[in-house]
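Here's the structure we're looking at; comments come further down.
Predicted model, so just to flag it, every value in this text is computed and none were measured. Residue numbering restarts at 1 for every chain, and letters A, B, ... go by the order of the sequence lines.
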Protein chains: 2
Amino acid sequence: MDKENGNGSCCRQEETHCPVEATIGLIGGKYKSLILWKLAGGTLRFSQLKREVSCATPKMLTQQLRELEADGLIVREVFPVVPPKVEYSLTDFGQSIRPVLEAMYDWGSGYLARQGLAANCSMTPLSRERC
Amino acid sequence: MDKENGNGSCCRQEETHCPVEATIGLIGGKYKSLILWKLAGGTLRFSQLKREVSCATPKMLTQQLRELEADGLIVREVFPVVPPKVEYSLTDFGQSIRPVLEAMYDWGSGYLARQGLAANCSMTPLSRERC
DNA sequence: CAGCATCCAATTAGATACTG
DNA sequence: CAGTATCTAATTGGATGCTG
């Protein structure tokens with residue numbers, strides 16, 4: 001084991017070994033849960049994701065997608081054609097987070113209702129997207 | 001209804017009506033999940049929380065606690081004694097998030113294992129705290 | 001189409017010192 | 001004991017323009 005941190009501190013976010021915080025780290029990023037939710041509905045191209053997650057700038061979208069890819073939640077497939085075509089889809093591991101997202105969805109719905117707010121976002125696969 | 005946002009945009013984080021993002025907004029803050037987890041074990045005083053969540057500075061701890069309180073997840077009870085005594089505990093609503101945290105815990109554990117990392121944090125009520 | 005580069009404003013969080 | 005106040009370093013994210 002490398003030298004233990006000298007000070008009494010410990011919680012470096014980058015090396016957190018807490019399951020819950022790790023989960024938040026993976027899906028808590030801006031638009032990440034929405035991206036995952038969308039991809040749960042099937043493979044999407046970058047331009048489609050941009051439309052589905054219209055609040056995200058291309059820069060942010062790219063950034064979040066790269067992080068999700070690095071974390072093994074999604075795959076990025078580049079087709080060497082003109083014009084360029086890039087497809088994103090969930091890995092098996094990415095698929096496995098659905099129950100967690102659904103638990104969060106259910107609990108969050110209760111919270112919104114408690115606040116007198118309607119859940120109006122594009123996250124329900126059945127609803128018209130509103131973002 | 002007040003004037004709809006003029007631009008095509010919509011996703012103001014502060015007014016997101018997405019259940020999943022609302023959930024992340026409530027428990028995604030720094031140390032929040034850890035605080036909730038600790039309080040799930042029973043009422044704690046500020047000084048006890050500071051010890052349990054040793055990575056958080058008093059400032060951050062106070063800030064996160066106030067937010068959790070404002071969101072109705074915890075209650076802050078002040079005892080007018082000397083020296084001061086303040087107790088924090090979960091509301092019923094706060095208790096209701098346990099299943100969500102546990103789903104995140106389980107999935108996050110799988111992720112850590114997948115990365116070859118051991119889950120060594122103070123989140124398991126039974127393990128010795130390591131923060 | 002699928003981005004990357006650059007600049008910049010706003011937010012975040014740590015350290016430190018102080019208080020009723 | 002349970003915070004608050006202040007300052008500052010670092011990070012985040014939006015806007016804009018450009019490219020293979």
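Rounded to whole Å, the distance from CE on A:M60 to C1' on D:dT11 is 12 Å. Remark: C1' of C:dA2 and CG of A:L49 are 12 Å apart, rounded to the nearest angstrom. D:dA2 atom P lies 15 Å from atom CD of B:E69, rounded to whole Å. One can place NZ of A:K50 at 9 Å from P of C:dG3, the figure rounded to the nearest angstrom. Counting to the nearest Å, the P atom of C:dT11 and the CD atom of B:E67 are 14 Å from each other. When rounded to the nearest whole Å, the span between CD of A:Q63 and P of C:dG3 equals 13 Å. As rounded to whole Å, 8 Å separates atom C1' of C:dT12 from atom NZ of B:K30. Distance CG (B:L61) to P (C:dA13): 13 Å, rounded to an integer number of Å.
Each of D:dG14, D:dA2, C:dG3 was ranked by its minimum atom distance to the side chain of B:S47; first place goes to D:dA2. The side chain of A:R76 approaches C:dA2 more closely than any other nucleotide in the set C:dG14, C:dA2, D:dG14. Nearest to the side chain of A:T62, among C:dG3, D:dG14, C:dA2, sits C:dG3. In the set D:dC1, D:dG3, C:dA2, the nucleotide with an atom closest to the side chain of B:V86 is D:dG3. The side chain of B:P84 lies closest to C:dG20, out of C:dG20, D:dG13, D:dG3. For A:T57, the side-chain atoms get nearest to D:dA15 when compared with the rest of D:dT4, D:dA15, C:dC1. Taking only side-chain atoms of A:Y88, from C-beta outward, the nucleotide of C:dC1, D:dG3, C:dG3 with the closest atom is C:dG3.
Distances shown here put every side-chain N or O of A:Y31 at or beyond 4.0 Å from the OP1 or OP2 atom of D:dT12. Distances shorter than 4.0 Å separate none of the side-chain N or O atoms of B:R45 from OP1 or OP2 on D:dC1. Considering only side-chain N and O atoms, A:R66 lies under 4.0 angstrom from the phosphate OP1 or OP2 of C:dC4. Put simply, B:R51 has no side-chain N or O that comes within less than 4.0 Å of OP1 or OP2 on D:dA2.
Each of B:F79 and B:V82 belongs to its own hydrophobic cluster when Ile, Leu, Val, Met, Phe, Trp and Tyr are linked at side-chain heavy-atom distances under 4.5 angstrom. Under the 4.5 Å side-chain heavy-atom criterion for Ile, Leu, Val, Met, Phe, Trp and Tyr, A:F46 and A:V78 are members of the same hydrophobic cluster.
Using a cutoff of 4.0 Å between basic side-chain nitrogens and carboxylate oxygens, A:K38 and A:E52 are scored as salt-bridged.
Evaluation of atom-type donor-acceptor distances gives no pair under 3.5 Å for the side chain of A:K59 against the base of C:dG3.
No donor-acceptor pair closer than 3.5 Å links the side chain of B:S33 to the backbone N or O of A:V20.
Note on ring orientation: taking the six-membered ring where Trp is involved, the planes of A:F93 and B:Y111 are parallel (angle under 30°, cut-offs 30° and 60°).
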